[in-house]
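Data first, discussion second: the structure below is written as structure tokens.
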Amino acid sequence: MSRYTKIGRPAVLMLCVLALSACALPRSGPKDDEILSGSKADGGPVNVVMVDSIIAQNSRVSDDLSFPSAFTGAGVARTDSINPGDVISVTVWENVDPALLVGPGQKQAFLQEIQVDQSGNIFVPYAGVLKASGKTPEQLRRLITRQLDPQTPDPQVEVRRAAGDGSSISVIGGVGAQGVYPLVPSTATLSAMLATAGGVTIDPDVAQVAIRRGNATGRIFLQDLYDNPRLDVALRSNDKIIVEEDRRTFTALGATSTQARVPFPQGRMSVVEAIAEVGGLNGDTSDPTGIFVFRREDQTVANRVTGRTDLGPGEPFVYVIDLTRPDGVFVAKEFQVRDQDTIYITEAPFVAWAKVLTATSQSLSFTTDIVRAVELIQN
């Protein structure tokens, strides 16, 4: 007699059920009770905070970008002033013969492409070394005239200034035409210079504009430049303008329509907007009572949120939002998403049951096949 004759149908079914119970069903992440059990209040390693309007406000940090007051408080620079590095041309008409600066029969002398040195000086024959930086072309013209007059009576002098490296602005990044542009009256402000450089070519909602001036740097969202004329700052020689996309991201996991690392689509972001950005909650699997935001919290914010004073920087926090509460959606709209946040949506409880039923039905089908095979062996 085969040994399989001792195995009955109930025994085979029991073995299959035991095998099923020993297997962990697949899921997209931890369950809400598993997350909550890690609270420091229960001896766990994480600060778990249920979010209401007060918590939403207390956890907020300024996400405004700005220029230093030295940028916004400065008036429009005199763009006709001569600077070190500028190139000028000087033309002199003389009223005597023979002339001082040209040969016999000539009255007009052209001194082209005279570069202002780093000390701000230029050299003009018979006038000597002259201080040019800080002067306008008209002021320099009068100075050259005074210096030449004792040697060639009543000279007529013309000074023209061509913008050089010392009176120019560098524009790089997401603009139509990167390059070095002269600082002239028509490009004396940030918006005018951006327009001269072909405008911003990246999405205005995610564009940031930075200005580097010496050791100081300021950065704003392009949209803020549109909205606030005060941010249309006056430029200075050697400023560098950088236009680039916002590099902040958040990560969406769990029962969302998309699980991904997501760039910020705009300057400021709430949980509601972040969820919408990834396609919203998955209507078939998500649990609206279990929206979790994971982050390493700033020390000041951590103590403000918990009402403590002893928490250090980088504390792990899990903020919990329940959309089913009467104020749930409003709280989610108030709660700020920050760079490197992880938003995790738990699965609804029935999803686990659905997985159990699916797995069980598949197991029972498999069990039926086993029983039939055993019966064939027994027969």
Side-chain angles (χ1 to χ4, degrees), residues 20-39 44 46-53 55-56 59-60 63 203 205-206 245-297 316-365:
L20 176 61
S21 65
C23 298
L25 292 174
R27 47 186 169 141
S28 58
K31 295 185 292 186
D32 53 359
D33 57 347
E34 292 172 332
I35 297 174
L36 297 175
S37 66
S39 171
V46 179
N47 299 279
V48 177
V49 179
M50 303 298 297
V51 179
D52 55 21
S53 293
I55 295 296
S59 64
R60 181 174 291 276
D63 52 9
D203 185 351
D205 287 336
V206 296
E245 287 189 13
D246 188 353
R247 287 180 283 185
R248 297 174 301 160
T249 62
F250 69 93
T251 302
L253 297 175
T256 62
S257 296
T258 301
Q259 299 189 51
R261 182 170 175 263
V262 185
F264 275 44
Q266 58 196 41
R268 297 160 187 86
M269 175 87 70
S270 69
V271 167
V272 164
E273 292 165 328
I275 293 174
E277 186 64 21
V278 296
L281 302 180
N282 187 318
D284 295 329
T285 61
S286 62
D287 181 2
T289 68
I291 298 176
F292 297 87
V293 179
F294 295 77
R295 73 166 59 127
R296 293 279 181 178
E297 193 59 273
F317 269 71
V318 178
Y319 292 97
V320 186
I321 298 175
D322 181 354
L323 289 181
T324 65
R325 291 173 46 179
D327 63 342
V329 174
F330 292 100
V331 168
K333 291 177 68 174
E334 295 171 3
F335 191 82
Q336 175 191 43
V337 175
R338 303 211 298 266
D339 187 27
Q340 302 302 317
D341 277 358
T342 296
I343 300 176
Y344 174 70
I345 313 298
T346 56
E347 291 182 340
F350 79 87
V351 175
W353 281 106
K355 290 180 178 179
V356 169
L357 292 175
T358 300
T360 302
S361 63
Q362 293 173 347
S363 177
L364 289 176
S365 176

In this structure, CD of Gln340 is separated from OG1 of Thr251 (nearest 0.5 Å) by 7.0 Å
Run the side chain to side chain contact (heavy atoms under 4.5 Å, CB included) test against Ala260 and tell me which residues pass, sequence neighbours left out. Thr258, Val262
Residues two or more places apart in sequence or in another chain: which of them pass salt bridge (Lys or Arg N to Asp or Glu O under 4.0 Å) with Arg60? none
Kindly assign one of parallel, tilted or perpendicular to the pair Phe264 and Phe250, based on the angle between their ring planes and the thresholds 30° and 60°. perpendicular
Test ring pair (Phe, Tyr, Trp, His ring centres under 6.0 Å) applied to Tyr319 - qualifying residues, sequence neighbours left out: Phe317, Phe335
In short, Val272 meets Val329 closest at the heavy-atom pair CG2-O, 3.9 Å
Mind checking side chain to side chain contact (heavy atoms under 4.5 Å, CB included) for Glu245 and listing every partner two or more places apart, or none if nothing turns up? Ile202, Val206
Side-chain heavy-atom pair Thr342, Leu253 within 4.5 angstrom cut-off: yes
Can you name the closest pair of heavy atoms from Ile291 and Ile275 and give their distance? CD1-CD1, 3.9 Å
In Å and rounded to the nearest 0.5 Å, what is the OG1 to CG distance from Thr256 to Leu281? 8.5 Å
Only counting residues at least two apart or in another chain, list the ones meeting salt bridge (Lys or Arg N to Asp or Glu O under 4.0 Å) with Arg295. Glu297, Asp341
Minimal heavy-atom distance between Val293 and Ile343, with the atoms involved, is CG2-CG1, 4.3 Å
With sequence neighbours excluded, residues passing salt bridge (Lys or Arg N to Asp or Glu O under 4.0 Å) with Asp246: Arg248
Would you give the length of the straight line joining atom CG of Asp339 to atom OG1 of Thr249, rounded to the nearest 0.5 angstrom? 5.5 Å
Between Ile345 and Asn282, does the side chain to side chain contact (heavy atoms under 4.5 Å, CB included) criterion hold? Intermediate values first, please. CA-CA 9 Å; Ile345 313 298; Asn282 187 318; over 6 Å; no
Just verifying a value: how many Å separate Thr289 OG1 and Asp322 CG, rounded to the nearest 0.5 Å? 5.5 Å
Over all atoms of both residues, closest heavy-atom pair of Ala332 and Ser270: O-CB, 3.6 Å
Hits for side chain to side chain contact (heavy atoms under 4.5 Å, CB included) against Pro265, two or more places apart or cross-chain, chain-then-number order -> Met269, Glu277
Tell me which pairs pass salt bridge (charged side-chain N to carboxylate O under 4.0 Å, His left out) where either residue lies in residues 326-337, with sequence neighbours left out. Arg325-Asp327
Steps toward side chain to side chain contact (heavy atoms under 4.5 Å, CB included) verdict (Val320, Val48): CA-CA 7 Å; Val320 186; Val48 177; 3.8 Å; yes
If every non-hydrogen atom of Thr324 is compared with every non-hydrogen atom of Pro288, which pair is closest and at what distance? CG2-CG, 3.8 Å
Tell me which pairs pass salt bridge (charged side-chain N to carboxylate O under 4.0 Å, His left out) where either residue lies in residues 267-276, with sequence neighbours left out. Asp63-Arg268, Asp64-Arg268, Asp224-Arg268
Shortest non-hydrogen contact from Gly328 toward Leu323: O-CD2, 3.8 Å
